[in-house]
Structure formats: C-alpha cells, structure tokens
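The structure appears below as structure tokens.
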Amino acid sequence: MTTADPQFDGMYGPFTITSKDREEVQRYRICLLISGISLSAGLLQWWQVGGQWAWPWLLPLGLSLGLALQWIHIYLRPLHRALQLFWLIGCLGWLLLMLQASANEALDTLASQPLWLLAVGPMFAALTGIGFKEFFCFRRPEAIGLTLLLPIALLGRLLGLIGKGPCWMLVLVAGLLMIVLAIRKFGMEAAADVGDKSVFAYLDAQREVAGP
C-alpha cells in the first residue's frame with residue numbers, strides 16, 4: 001500500500017484499493033477481451049474455412065477464461081470455486097472430444113453430435129457465470145445478453161429445439177457481446193471491479209471462526 005492508494009468506506013470498515021488490486025483488475029479485463037475475441041474468431045473461421053483450422057482458437061479461449069476466473073472478484077467463494085470447476089470440467093471435455101474425434105474434426109463432431117455439449121458445456125457455463133456476475137454488479141445490457149444467449153443456444157441445441165446454424169449464431173452473438181463488455185470495462189475505475197474489500201475480509205474472518 002502507498003499513500004496514493006485510494007481508500008473507501010466499506011460495509012464492514014475502511015479498505016484500500018492497492019496497485020495489486022489494479023493489476024488484477026487489468027488482467028481480468030484483458031483476459032475477458034481475449035476470451036470474447038477467441039470465441040468469436042473461432043466460430044467465424046470455422047464457418048469460413050472449416051473446423052480443421054478453427055480448433056486452435058480453443059487454446060487462447062480456455063487459457064484466458066481460466067485466468068479471468070483466477071482474477072475475478074466474487075464475494076461468495078463457493079460460487080467462485082464452482083465457476084472454476086465448470087471451467088476445468090469443460091476443458092477436460094474438450095480434451096476428451098479431441099482425443100475421441102481428433103482435433104481437426106472436434107468442432108464438426110460437436111456440431112453433428114449435440115450430446116458432446118454435455119462434456120464441453122461446463123466451459124460455457126463458466127462464461128455464463130461471468131456474464132451473470134457482470135450484469136448483477138453493473139446492469140450492463142451486453143452482460144445479460146451473454147448470460148441468456150449461451151444457455152438458450154446450447155440447451156436448445158442439446159434438446160433438439162434449435163438447429164446447429166441458429167445455435168452457433170447465438171453463440172457468436174454472445175462472443176461479440178463479450179468483446180463489447182470487456183472493452184467498456186476498460187473505462188471503469190478498478191475499484192468497481194474489486195468491490196467492497198471489507199466484505200471479503202469479513203467473510204474470510206467468518207470462515208476462520210467456523211474452522212475447517
């Protein structure tokens with residue numbers, strides 16, 4: 001902490017936004033932007049030149065999403081851990097799909113065999129969780145779009161209610177909304193993303209009192 005660090009009055013006492021907090025927020029926003037770009041670019045490339053050249057976009061998508069979930073600020077630790085678990089299960093699902101169908105055929109297999117969504121869907125559930133958190137905190141319309149479109153698209157496809165074309169179009173719109181969401185966040189103060197640190201301190205103290 002330095003004398004330049006801004007101080008705030010929180011629900012459970014004063015707190016300070018440090019340079020470490022600001023760095024984490026900046027990293028979170030960058031990772032959010034990379035996730036949106038990777039998802040959107042991967043889908044567009046898939047449509048243009050086929051899945052055999054689009055699957056590498058899954059690598060920056062998975063990595064940036066995992067890092068975003070590392071640096072996101074969520075008061076409820078069980079919810080934070082749940083989103084990270086969804087991300088991990090989804091990554092393992094993609095790995096399983098690639099081992100089963102080969103990397104070049106993974107996306108085409110996913111499109112033709114919707115049951116694979118059960119394996120890779122948790123990654124998109126983590127994305128949906130981020131969208132919900134952003135809407136709950138900031139009421140951004142692009143965040144609610146992201147939160148609604150991904151489950152509508154993937155559950156609709158899994159249940160046979162939506163064709164593969166409309167499904168992936170909705171996912172593309174969600175990816176584009178994620179880019180908009182991330183870009184708009186760069187103009188916000190870091191304190192907005194950090195939230196009330198006194199709440200984090202209070203919850204940590206309660207966990208220590210409760211014991212293991």
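Computation of the quantities below employed the complete heavy-atom set of this structure, encompassing side-chain atoms and omitting hydrogens, waters and symmetry-equivalent molecules. What you see is a predicted model; the values in this text were computed from it and never measured.
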Using side-chain heavy atoms (C-beta onward) and a distance below 4.5 Å, is [X] in contact with [Y]?
X	Y	value
Phe186	Gln26	yes
Leu170	Ile162	yes
Leu61	Met123	yes
Trp71	Val25	no
Leu154	Arg157	no

- Task: Can you tell me which residue pairs pass the salt bridge (charged side-chain N to carboxylate O under 4.0 Å, His left out) test with a partner in residues 28-56, sequence neighbours excluded?
- Result: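 Qualifying pairs: Arg29-Asp193.
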
Main-chain N/O of [Y] paired with [X] side-chain donor or acceptor, under 3.5 Å:
X	Y	answer
Trp87	Gly62	yes
His73	Asp21	no
Arg27	Ala68	no

Closest contact, heavy atoms only, [X] versus [Y]:
X	Y	answer
Lys185	Tyr28	CE-CE2, 3.8 Å
Ala153	Val171	CB-CG2, 3.9 Å
Gly175	Leu39	CA-CD2, 3.8 Å
Leu176	Ser40	N-OG, 3.3 Å
Leu107	Ala54	CD1-CB, 3.7 Å
Gly131	Leu146	CA-CD2, 3.7 Å

Could you give the distance from [atom1] ([X]) to [atom2] ([Y]), rounded to the nearest 0.5 Å?
X	Y	atom1	atom2	answer
Gln113	Asp108	CD	CG	11.0 Å
Leu177	Leu148	CG	CG	10.5 Å
Cys31	Leu69	SG	CG	9.5 Å
Leu127	Met178	CG	CE	4.5 Å

- Mind checking what makes ring-ring contact (aromatic ring centres under 6.0 Å, His included) contact with Trp168, not counting sequence neighbours?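 Once residues adjacent in sequence are excluded, the partners of Trp168 under the ring-ring contact (aromatic ring centres under 6.0 Å, His included) criterion are Trp46.
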
- Which residues satisfy the salt bridge (Lys or Arg N to Asp or Glu O under 4.0 Å) test with Arg81, sequence neighbours excluded?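 Salt bridge (Lys or Arg N to Asp or Glu O under 4.0 Å) list for Arg81, sorted by chain: empty.
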
Residues in side chain to side chain contact (heavy atoms under 4.5 Å, CB included) with [X], at least two apart?
X	value
Ala182	Leu32, Leu33
Ile34	Ile30, Ser38, Pro60, Ser64
Leu158	Leu115, Leu117, Leu118

Let me check something: do [X] and [Y] share a hydrophobic cluster, defined by ILVMFWY side-chain heavy atoms less than 4.5 Å apart, either directly or through other members?
X	Y	value
Ile183	Leu65	yes
Leu150	Leu88	yes
Leu76	Leu85	no
Phe132	Leu83	no
Leu110	Met169	yes

Quick one: side chain to side chain donor-acceptor pair (under 3.5 Å) partners of [X], sequence neighbours excluded?
X	answer
Thr147	none
Arg184	Glu142
Trp57	Gln45

- Should the heavy atoms of other residues, nucleotides or ligands under 6.0 Å from CD of Glu189 be counted, would the total exceed 12?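 Counting neighbours around CD of Glu189, 12 or fewer heavy atoms of other residues, nucleotides or ligands fall under 6.0 Å, so no.
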
- For atom CZ of Phe86, decide whether the heavy atoms of other residues, nucleotides or ligands shown that lie under 6.0 angstrom number more than 12.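 Result for CZ/Phe86: open.
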
- Item | Transitive ILVMFWY cluster of Trp53, excluding itself - 4.5 Å side-chain cut-off |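 Same cluster as Trp53: Val49.
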
- Under a single-linkage rule joining Ile, Leu, Val, Met, Phe, Trp and Tyr whose side-chain heavy atoms are separated by less than 4.5 Å, which residues share a cluster with Met188?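 Its cluster mates, by chain and number, are Phe138.
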
Which atom pairs, one a donor and one an acceptor, fall under 3.5 Å between side chains of residues 93-106 and the rest of the protein, sequence neighbours left out?
unit_1	atom_1	unit_2	atom_2	d
Ser102	OG	Glu105	N	3.4
Asn104	OD1	Trp55	NE1	3.1

- CA sep, side-chain torsions, deciding dist, call: Gln70, Glu24, side chain to side chain contact (heavy atoms under 4.5 Å, CB included): CA-CA 9 Å; Gln70 175 67 28; Glu24 288 182 351; over 6 Å; no

